[in-house]
*Asks:* 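Sharing a structure, written as structure tokens. Questions coming.
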Amino acid sequence: MFGYRGLTISDDGILEISGVRCDYLVEKYGTPLYVFNEEEILNRIKEIKENHIVKYGGVAAYASKAFLTKYMCRLIKREGLWLDVVSGGELYTAKSVDFPMENIIFHGNNKTYEELEMAVDFGVGRVVIDNFDEIDILEDILLKKKRSIDVQIRITPGIDGHTHDFIKTGQVDSKFGFPMHDESALHAVKRILNSPALKLKGIHAHIGSQLHQNNIYKLEVEVLAKFISSIKNLFDYEIEEINCGGGFGIYYTEGDKRLSISYFTDVIHKAVEECFSRYNLRKPTVFIEPGRWIVGEAGITLYRVGSIKDIRGIRKYVSVDGGMTDNIRTALYSAKYTAVPANKLNNKDEEQVTICGKCCESGDILIKDIKLPKLERGDIIAVLSTGAYNFSMASNYNRIPRPAVVMVNRGQDVLIVKRETYEDIIKNDL
Ligand SMILES: Cc1ncc(COP(=O)(O)O)c(C=O)c1O
């Protein structure tokens, strides 16, 4: 349906995801409801394995910030991918399902002493060093514990990702990583090479998120190779790994392209081949950190229509029983989504409406001006491509409980996160 993999329409006009009817799901679990298509997630992981791991010997770490639960963590563990975490909470989730700690990459621009200590105690595979403070703190912890750890250094490559300002990270003016327009990054390398506890394995860069142009990754590899060549010349030390980060774009609405992972990985590996031989460097192991590309299109959110307000000649608002608490991306950075009437897809008489949430904010709009069949109270709306940065960014604003999460796979459904209750909302209040 609409080219969304895994979505079909039943004869009586009901949306189905991996063979499971949405009317059945909302009846069983209520609304709002996050639904994830496991079949689609597994297909995408397979695509990554074929086009990055098997074909090129690369490493892929799932960027867990996109969507993480214990179930998702077990799935990634079973599939043998690495995991990129950015907080004690994400790391703790991984530990809770015995995720192999040597396959964890620990990111973040302000890892606390406690988080770094946790990373050392758990034995994570890589810490990505983001700033000088962190070198001091990590070294202090390691020396006290008589331990060492493998690290990558994050640089800001000075590349504009042509994406929304809030999800750009590669430009010089960024809170992440060591800038490249001065000597900072080289000073960081020197400091780490002189450390008895930090083992420098790789250089990392992440340009931004929801990128649709593969030539950006070519530029990134060029910057990384040049930097690694300077390290070799200055310190006679050869870097073994590069990490190109994530950011691989997905389909949200018309105008977005549907991009295969090989569209990105082929360009990355070709650039590695060319650049590293040009600088006379050994070919590194290439890490990537896809988040959105794995789960984004695999997720939908189901809502029940409530109040409808028609401001004649101006706009018709259709309110749903969720909103910015379960999907902050529209309010946060004007993200665009598509929606369908999940319980009446055979109905064709369309009108233009704006889908808004139930929160006490005028900016609580999920989709502005979308053409949908005439909706009534009680109808079900499915917002598509909500798998990434929706559940993981959800809040309890207005003390609204967070929705349940269900995983579906070829006609089967399983609850993977319970719906929050009002008791959950007040449980930490004293
Ligand atoms: C360092 C790093 N790696 C990977 C990702 C994942 O990005 P995406 O979900 O767009 O693939 C991010 C996103 O912010 C990131 O900052």
Side-chain angles (χ1 to χ4, degrees), residues 36 41 44-45 47-48 51-52 58-68 72 76 81-87 90-91 94 103-111 124-131 134 151-157 159 161-171 174-178 202-214 216-217 220 223-224 241-252 256-257 259-261 263-265 268 286-299 328-329 332-333 335 385-393:
F36 281 80
I41 294 174
R44 284 177 177 256
I45 291 175
E47 222 177 297
I48 290 174
N51 293 288
H52 176 65
V59 174
Y62 169 61
S64 67
K65 71 207 83 180
F67 170 66
L68 191 69
M72 188 64 196
I76 295 295
L81 260 52
W82 286 44
L83 196 71
D84 148 7
V85 302
V86 292
S87 72
E90 289 177 353
L91 183 54
N103 291 352
I104 290 209
I105 306 181
F106 191 23
H107 273 286
N109 66 301
N110 186 21
K111 306 176 191 77
V124 303
R126 301 284 182 281
V127 172
V128 180
I129 302 284
D130 207 89
N131 51 61
E134 197 173 298
V151 302
Q152 296 180 346
I153 292 179
R154 178 166 181 167
I155 58 161
T156 39
I159 298 167
H162 301 296
T163 188
H164 192 283
D165 277 353
F166 289 9
I167 48 177
K168 271 183 199 170
T169 58
Q171 73 283 7
S174 163
K175 71 170 183 167
F176 299 105
F178 294 93
I203 307 296
H204 172 283
H206 172 82
I207 298 167
S209 219
Q210 181 59 354
L211 307 178
H212 274 70
Q213 290 161 332
N214 58 7
I216 284 171
Y217 291 92
E220 182 187 26
V223 172
L224 289 168
E241 299 168 351
I242 62 164
N243 188 335
C244 296
F248 313 112
I250 64 161
Y251 185 90
Y252 285 100
D256 290 333
K257 286 183 236 144
L259 300 169
S260 63
I261 203 68
Y263 170 75
F264 299 104
T265 50
I268 290 174
V286 180
F287 286 56
I288 55 170
E289 299 169 334
R292 185 189 313 269
W293 195 86
I294 293 179
V295 289
E297 287 180 55
I328 188 68
R329 293 186 67 254
L332 188 63
Y333 36 68
S385 291
T386 57
Y389 305 103
N390 277 221
F391 171 78
S392 59
M393 285 185 165

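Indexing begins at 1, ligand by ligand and atom by atom, following the structure's order.
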*Asks:* Excluding sequence neighbours, so at least two apart, what forms salt bridge (charged side-chain N to carboxylate O under 4.0 Å, His left out) with Glu220?
*Replies:*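 If we apply the salt bridge (charged side-chain N to carboxylate O under 4.0 Å, His left out) test to Glu220, skipping adjacent residues, there are no hits.
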*Asks:* List every atom of ligand 1 that sits less than 4.0 Å from any heavy atom of Gly246, numbering the atoms from 1 in the order shown and giving each element.
*Replies:*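 Every atom of ligand 1 under 4.0 Å from some heavy atom of Gly246: 3 (N), 4 (C), 11 (O).
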*Asks:* At less than 4.0 angstrom from any non-hydrogen atom of Gly291, what atoms of ligand 1 do you find?
*Replies:*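 Listed by number with element: 8 (P), 9 (O), 11 (O).
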*Asks:* Report the part of Arg292 (side chain from C-beta onward, or backbone N, CA, C, O) that has a heavy atom under 4.0 Å from ligand 1; answer both or neither where that applies.
*Replies:*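 Under 4.0 Å from ligand 1, Arg292 contributes backbone and side-chain atoms.
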*Asks:* Just which atoms of ligand 1 are under 4.0 Å from any heavy atom in Glu289?
*Replies:*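 Selected atoms, number and element: 1 (C), 2 (C), 3 (N), 4 (C), 5 (C), 6 (C), 11 (O).
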*Asks:* Return the option from Gly249, Gly245, Gly247 holding the heavy atom at the smallest distance from atom 8 (P) of ligand 1.
*Replies:*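 When every heavy atom of Gly249, Gly245, Gly247 is considered, Gly247 comes closest to atom 8 (P) of ligand 1.
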*Asks:* Below 4.0 angstrom, N of the basic side chain to O of the carboxylate: do Lys65 and Glu90 qualify?
*Replies:*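 Here Lys65 does not pair with Glu90 in a salt bridge, since their nearest N and O are not under 4.0 Å apart.
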*Asks:* In ligand 1, which numbered atoms sit nearer than 4.0 Å to a non-hydrogen atom of Asp84?
*Replies:*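 Counting atoms of ligand 1 from 1, those under 4.0 Å from Asp84 are 3 (N), 4 (C).
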*Asks:* Regarding atom 16 (O) of ligand 1: of the candidates His204, His107, Lys65, which has the closest heavy atom?
*Replies:*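 The option holding the nearest heavy atom is Lys65.
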*Asks:* Which residues satisfy the side-chain contact (heavy atoms from CB on, under 4.5 Å) test with Ala388, sequence neighbours excluded?
*Replies:*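 Result, side-chain contact (heavy atoms from CB on, under 4.5 Å) vs Ala388: Ala66, Arg292, Val295.
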*Asks:* Using the benzene-type ring in the case of Trp, are the ring centres of Phe36 and Phe391 under 6.0 Å apart?
*Replies:*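 Not under 6.0 Å, so no.
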*Asks:* For ligand 1, which atoms sit closer than 4.0 Å to a heavy atom of Tyr389?
*Replies:*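 Within the 4.0 Å cut-off of Tyr389, ligand 1 contributes 6 (C), 7 (O), 8 (P), 9 (O), 13 (C).
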*Asks:* Quick check on the 6.0 Å ring-centre criterion: do His107 and His206 meet it?
*Replies:*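 No.
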*Asks:* Are Tyr263 and Phe248, when compared by the centres of their aromatic rings, separated by less than 6.0 Å?
*Replies:*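 No, they do not, as the ring centres are separated by 6.0 Å or more.
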*Asks:* Against heavy atoms of Arg154, which atoms of ligand 1 measure under 4.0 Å?
*Replies:*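 Per the distance check, 1 (C).
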*Asks:* Please work out whether any backbone atom (N, CA, C, O) or any side-chain heavy atom from C-beta onward of Ala63 is under 4.0 Å from ligand 1, and answer side chain, backbone, both or neither.
*Replies:*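 Just the side chain.
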*Asks:* Hey, mind stepping through Ile294 and Ile41 against side-chain contact (heavy atoms from CB on, under 4.5 Å) and telling me if it holds?
*Replies:* CA-CA 6 Å; Ile294 293 179; Ile41 294 174; 3.9 Å; yes
